[in-house]
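Reviewing the structure listed below.
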Amino acid sequence: MLIREQLERRERQGLRDYAVFSDASRGRPVPEPEDDYRMVFQRDRDRILHTKAFRRLKRKTQVFLAPQGDHYRTRLTHTLEVAQIARTVARALFLNEDLTEAIAMGHDLGHTPFGHAGERALNQLFSPGFDHAEQSLRVVDKLEWRSGGRGLNLSYEVRNGIRYHSAGKALLWGEEASGPETLEALVVSVCDAIAYINHDIDDALRARAIAPDDLPREALSALGHGASSRIDRMVTGLIKGSADGRIGVLGEVLEPMMILREYLYREVYPSAAINTEISRAENLLRELFAYLIENPCEEILNGDPDDSLERRTVDFVAGMTDDFALRLYAELLMPSHWQR
């Protein structure tokens with residue numbers, strides 16, 4: 001018996017009936033032979049990890065644009081925190097950890113430079129609209145390459161989790177989550193919120209955009225005054241609030257968790273310290289996009305000829321890191337010193 005088959009048998013013995021089993025995956029867009037050693041979702045996780053898009057996340061904004069401090073979160077550190085939290089929850093609920101981790105590792109691959117500022121700019125500029133979850137799926141389906149050809153050829157379950165990783169947050173408002181088809185995808189979606197609520201507060205405190213006394217006292221009393229205790233309380237609330245094939249958060253945890261989230265959207269993200277730079281970033285990307293439409297570079301021209309010039313330009317801009325966007329803008333649109 002192959003090692004992969006032994007691992008699949010172990011899954012059958014250890015996971016709940018409502019978990020996704022690796023040997024029952026709905027398959028890949030293009031069928032391919034199974035690996036002797038790794039199960040299907042392990043391979044998906046590995047393929048994502050080795051992409052250029054994943055490596056670029058280390059230079060993409062989480063909240064603070066092009067941060068110079070060593071300890072501010074980037075999209076990469078955010079992704080790793082989401083994966084760690086989600087694996088903890090999946091293990092405690094006896095769900096498929098490999099599937100959970102693969103979704104978490106791929107969920108933000110389509111994020112733009114300058115975080116949601118870049119997403120808003122491209123959504124306004126691109127006539128069909130732009131959504132980072134859709135772009136993440138486009139990255140793994142088409143824009144990344146592996147030795148077998150275009151796209152990573154990921155399993156259906158991972159692709160579904162990546163595409164709908166934002167939709168699962170409807171659970172936090174007590175609504176039905178439309179889109180995610182696995183419990184593992186729902187876990188990642190909630191853990192995405194747990195991660196950013198806590199690390200965005202941590203980064204805002206580090207940047208002195210807020211002070212500790214500014215945080216809602218009732219939420220801190222319920223969840224804890226430190227990031228570690230708050231994460232532990234939220235994770236515990238998610239695990240204890242989920243049972244019998246349903247994902248949820250205990251009400252005594254969900255309410256203060258949402259208070260903190262609302263505080264971030266009300267007081268932190270729109271704050272002068274952040275909003276000024278966000279407005280500049282949006283303007284930068286608008287100007288850069290307009291220039292590239294009129295003067296497409298080699299990377300755009302060499303894109304898929306079946307895609308429109310606008311679509312190829314969106315892909316190029318969305319894939320940029322913060323630093324690359326700043327350098328390219330300076331190169332293309334800033335005046336340079338005269339040289340004889």
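- Side-chain atoms of Val63 and Arg73, non-hydrogen and from C-beta on, never get closer than 4.5 Å to each other.
- With rounding to the nearest 0.5 Å, the separation of CG in Leu328 from SG in Cys297 is 7.0 Å.
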Exercise for the section: Just do the side chain to side chain donor-acceptor pair (under 3.5 Å) check on Tyr156 and Glu181 with the steps written out, would you? Expected result: CA-CA 10 Å; Tyr156 177 89; Glu181 296 182 21; 2.7 Å; yes
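- Thr313 has its side chain out of reach of Phe126: every pair of non-hydrogen atoms, C-beta onward, lies at least 4.5 Å apart.
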Handout entry: Check against side chain to side chain contact (heavy atoms under 4.5 Å, CB included), Ile197 and Met234
Key = CA-CA 10 Å; Ile197 287 170; Met234 291 180 189; 4.1 Å; yes
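- There is a path of hydrophobic side-chain contacts, each under 4.5 Å, that joins Ile194 to Leu205.
- Using a 4.5 Å heavy-atom threshold, the side chains of Phe41 and Val20 count as touching.
- In this model, a donor atom of one side chain and an acceptor atom of the other lie less than 3.5 Å apart for Ser155 and Asp44.
- Taking a cutoff of 4.0 Å between a charged side-chain nitrogen and a carboxylate oxygen, Glu157 and Arg26 do not qualify as a salt bridge.
- Listed for the Glu277 side chain is no donor-acceptor partner under 3.5 Å among the backbone atoms of Ile274.
- A donor-acceptor pair under 3.5 Å links the side-chain atoms of Glu184 to the main chain of Asn96, judged by distance alone.
- Taking 4.5 Å as the limit, some side-chain heavy atom of Tyr269 sits within range of a side-chain heavy atom of Asp200.
- Using a cutoff of 4.0 Å between basic side-chain nitrogens and carboxylate oxygens, Arg138 and Asp315 are scored as salt-bridged.
- By the 4.5 Å heavy-atom criterion applied to side chains, Phe114 and Leu284 are counted as neighbours.
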Practice task
List the steps, then state whether side chain to side chain contact (heavy atoms under 4.5 Å, CB included) holds for Thr88 with Gln84.
Solution key: CA-CA 6 Å; Thr88 296; Gln84 178 270 315; 3.3 Å; yes
Problem - Full working for ring-ring contact (aromatic ring centres under 6.0 Å, His included) between His165 and His132 - result: CA-CA 10 Å; His165 75 266; His132 80 272; 5.0 Å; yes
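- Between Leu288 and Leu332 the shortest side-chain heavy-atom distance falls below 4.5 Å.
- Heavy atoms from other residues, nucleotides or ligands lying under 6.0 Å from CZ of Arg91 number 12 at most.
- Salt bridge status for Arg9 with Asp23: absent, with no side-chain N to carboxylate O gap under 4.0 Å.
- The CG atom of Asp108 sits 10.5 Å away from the CG atom of Leu76 when rounded to the nearest 0.5 Å.
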Problem - Verdict with reasoning, Arg286 to Gln124, per side chain to side chain donor-acceptor pair (under 3.5 Å) - result: CA-CA 9 Å; Arg286 289 191 191 98; Gln124 294 166 359; 2.9 Å; yes
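- With sequence neighbours left out, Arg87 forms a side chain to side chain donor-acceptor pair (under 3.5 Å) with Glu97, Glu101.
- Under 4.0 Å is where a charged nitrogen must lie from a carboxylate oxygen, and between Arg206 and Asp202 at least one such pair does.
- With hydrogens and angles ignored, the 3.5 Å screen pairs a side-chain donor or acceptor of Asn295 with a backbone N or O of Tyr291.
- With 3.5 Å as the limit, one finds no donor-acceptor pair spanning the side chains of Thr74 and Gln62.
- In terms of modelled atom types and a separation under 3.5 Å, the side chain of Asp322 and the main chain of Lys60 share no donor-acceptor contact.
- If you take CZ on Arg38 and CG on Asp46, they are separated by 5.0 Å, rounding to the nearest 0.5 Å.
- A salt bridge does not link Arg75 to Glu81: none of the charged side-chain nitrogens sits closer than 4.0 Å to a carboxylate oxygen.
- In the hydrophobic cluster analysis, where Ile, Leu, Val, Met, Phe, Trp and Tyr join through side-chain heavy atoms closer than 4.5 angstrom, Leu93 is grouped together with Leu171.
- Counting heavy-atom neighbours within 6.0 Å of Tyr37 OH, excluding the residue itself, gives a total of 12 or less.
- Legend: salt bridge (charged side-chain N to carboxylate O under 4.0 Å, His left out) pairs involving residues 230-245, not counting sequence neighbours, sorted by first then second residue: Arg233-Glu252.
- Between Glu282 and Arg120 there is a salt bridge, with a side-chain nitrogen of the basic residue lying less than 4.0 Å from a carboxylate oxygen of the acidic one.
- If you take CG on Leu137 and CD1 on Ile162, they are separated by 7.0 Å, rounding to the nearest 0.5 Å.
- Using a 4.0 Å cut-off between charged side-chain N and carboxylate O, Arg312 and Asp307 make no salt bridge.
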Practice task
Could you give me the CA-CA distance, side-chain angles and deciding distance for Arg47 and Glu32, then say whether salt bridge (charged side-chain N to carboxylate O under 4.0 Å, His left out) is met?
Solution key: CA-CA 14 Å; Arg47 291 178 185 186; Glu32 59 183 74; 2.4 Å; yes
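- For the pair Ser229 and Leu223, the minimum side-chain heavy-atom distance is 4.5 Å or more.
- Side-chain contact between Leu285 and Leu122 is absent, with no heavy-atom pair separated by less than 4.5 Å.
- Classified by interplanar angle (parallel below 30°, tilted 30° to 60°, perpendicular above 60°), the ring pair His78/Tyr196 is tilted.
- Qualifying side chain to side chain contact (heavy atoms under 4.5 Å, CB included) partners for Ala86, counting only residues two or more places apart in sequence or in other chains: Thr100, Val187, Val188, Cys191.
- Lys169 has no carboxylate O lying under 4.0 Å from a charged side-chain N of Glu175, or vice versa, which leaves the two without a salt bridge.
- Interatomic distance, CG of Leu215 versus NE2 of His225, reported as 10.0 Å (0.5 Å rounding).
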